[in-house]
Protein chains: 2
Amino acid sequence: MLSQKTKYALKALLYLAEQDVDHISKTVEIAEAASIPKKFLEQILLDLKRGHFVGSKQGKFGGYYLLKSKNDITLADIHRLFDGAIALLPCASLNFYERCSDCVDESECLLRHGLITIREETLKAMQGITIASLVKK
Amino acid sequence: MLSQKTKYALKALLYLAEQDVDHISKTVEIAEAASIPKKFLEQILLDLKRGHFVGSKQGKFGGYYLLKSKNDITLADIHRLFDGAIALLPCASLNFYERCSDCVDESECLLRHGLITIREETLKAMQGITIASLVKK
DNA sequence: TTTAAACTCTACTAATTTTACAGAATTAAT
DNA sequence: ATTAATTCTGTAAAATTAGTAGAGTTTAAA
């Protein structure tokens with residue numbers, strides 16, 4: 001399941017994607033439109049900025065805007081940024097690989113192969129969902 | 001990601017699937033073979049029993065055995081039993097449906113449609129992975 | 001009928017993660 | 001200077017997860 005954070009991040013990105021290009025959205029504006037606690041959203045937008053998905057303008061009349069094209073922001077990207085691995089176990093993950101501490105021989109693990117298959121399929125599906133595809137209905 | 005509980009449940013089921021039919025496995029035997037804390041495993045096996053995936057024989061020389069065919073136990077089943085919904089949000093779930101509290105109009109929600117697509121695809125993938133398919137390499 | 005060896009059940013606890021909130025610092029426009 | 005915004009760090013409550021404890025129940029066999 002997605003965490004609230006990821007869900008809020010997606011809703012914020014959707015809001016930004018719906019604005020005119022060059023429009024700069026204040027945090028409070030996004031928070032109200034998308035029903036997100038403002039202080040929590042501040043953190044999320046900072047994370048999105050560090051992930052280079054959004055840009056910001058500081059100071060008075062500042063705010064946030066999409067940095068990447070909405071076609072280039074996928075559900076997989078945002079999931080990885082906030083919730084981490086797509087795979088069901090770290091040992092089956094591409095970007096968050098970690099060995100299982102209780103695993104004697106990874107190549108012998110019956111579970112791992114199946115989980116890699118799942119990861120490949122869900123990843124493909126999640127990469128197919130972009131902010132753009134969500135916005136256009 | 002899978003919880004430890006789900007991972008342990010799968011490992012326990014894999015162990016049971018590898019035994020001869022009619023063989024009854026003691027909890028301690030499974031725990032040692034699959035590196036699972038015994039007391040934790042007891043709970044897990046009880047849950048698997050309540051889910052009708054395994055059966056048990058009580059008393060001396062008792063233990064656990066597969067109740068369903070290993071072809072009929074899917075990753076989706078076990079995920080649902082221990083970790084709940086396959087979908088990324090409750091509002092996109094079949095078996096664990098719940099309305100989002102912050103959602104004004106569900107039919108208008110841009111996120112939900114995409115998440116339903118994802119759920120359909122991951123569910124199909126997870127239903128394709130059975131204990132049998134995992135055991136036979 | 002007693003004992004041993006197993007499952008069954010409920011409750012508890014510790015650690016971790018999630019979900020925020022608070023407030024000071026910084027930046028930029030007027 | 002002042003105002004209005006982002007930025008940064010730290011804190012805290014709530015929920016979840018992972019695991020432990022211990023008493024109870026069942027069954028087989030001596």
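Every chain is numbered from 1, with letters handed out A, B, ... down the list of sequences. Here the structure is a predicted model, which means the values were calculated and not measured.
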Original post:
Is Gly59(A) touching bases, backbone alone, or none of the nucleic acid, heavy atoms closer than 4.0 Å?
Top reply: base

Original post:
Under 6.0 Å from the NZ atom of Lys68(A), do we count more than 12 heavy atoms belonging to anything else shown?
Top reply: yes

**OP:** With heavy atoms under 4.0 Å as the rule, sort Phe82(B) into base, sugar-phosphate or nothing.
**Re:** nothing

**OP:** Assess the side chains of Tyr15(B) and Glu29(B): does a donor N or O sit below 3.5 Å from an acceptor N or O?
**Re:** yes

Subject >> dA5(C) phosphate, OP1 or OP2, under 4.0 Å from Lys26(B) side-chain N/O >> reply: no

Subject >> Length of the line joining Glu42(A):CD and dT19(C):P, which is rounded to integer Å >> reply: 17 Å

Original post:
Which nucleotide, dT27(D), dA20(C), dA5(D), lies nearest any side-chain atom of Pro37(A)?
Top reply: dA20(C)

Subject >> Pair Arg99(A) + Glu106(A): basic N to acidic O under 4.0 Å >> reply: no

Original post:
Given atom CG of Leu16(B) and atom P of dC7(C), what is their separation to the nearest angstrom?
Top reply: 11 Å

**OP:** Could you state the atom-to-atom distance from CG of Leu46(B) to C1' of dA11(C) in whole Å?
**Re:** 15 Å

**OP:** Could you tell me whether the phosphate oxygens of dC9(C), OP1 or OP2, come under 4.0 Å of any side-chain nitrogen or oxygen in Arg50(B)?
**Re:** yes

**OP:** Give the rounded distance in Å between these two atoms: CG of Leu2(B) and P of dT17(D).
**Re:** 12 Å

Original post:
Could you give the CD-to-C1' distance, from Gln58(B) to dG24(D), as a whole number of Å?
Top reply: 11 Å

Subject >> Closest to side chain of Lys57(A), choosing from dC7(C), dA28(C), dA28(D) >> reply: dA28(C)

**OP:** Determine: side-chain N/O of Ser56(B) to OP1/OP2 of dC7(C), distance under 4.0 Å, yes or no.
**Re:** no

**OP:** Measure the distance from CD1 on Ile44(B) to C1' on dA18(D) and round it to the nearest whole Å.
**Re:** 9 Å

Original post:
So, Asp83(A) side chain and Ser3(A) main chain: donor-acceptor pair closer than 3.5 Å or not?
Top reply: yes

**OP:** Flag the pair Glu42(B) and Lys38(B) as a salt bridge only when some basic side-chain nitrogen lies within less than 4.0 angstrom of an acidic carboxylate oxygen.
**Re:** yes

Original post:
For the pair made of CD in Gln4(B) and P in dT16(D), what is the distance, rounded to whole Å?
Top reply: 18 Å

Original post:
Out of dA4(C), dC7(C), dG23(C), which nucleotide sits closest to the side chain of Lys60(B)?
Top reply: dA4(C)

Original post:
Looking at dT20(D), does its base get a donor-acceptor pair with the side chain of Gln43(B) below 3.5 Å?
Top reply: yes

Subject >> dG23(C) base / Lys39(A) side chain donor-acceptor hit below 3.5 Å >> reply: yes

Original post:
Counting any heavy atom closer than 4.0 Å, what does Phe40(B) reach on the DNA or RNA strands: base, sugar-phosphate only, or nothing?
Top reply: base

Original post:
Think Tyr64(A) has a side-chain N or O under 4.0 angstrom from the OP1 or OP2 of dT7(D)?
Top reply: yes

**OP:** May I have the distance from Lys38(A) (atom NZ) to dT19(C) (atom C1'), rounded to whole angstrom?
**Re:** 17 Å

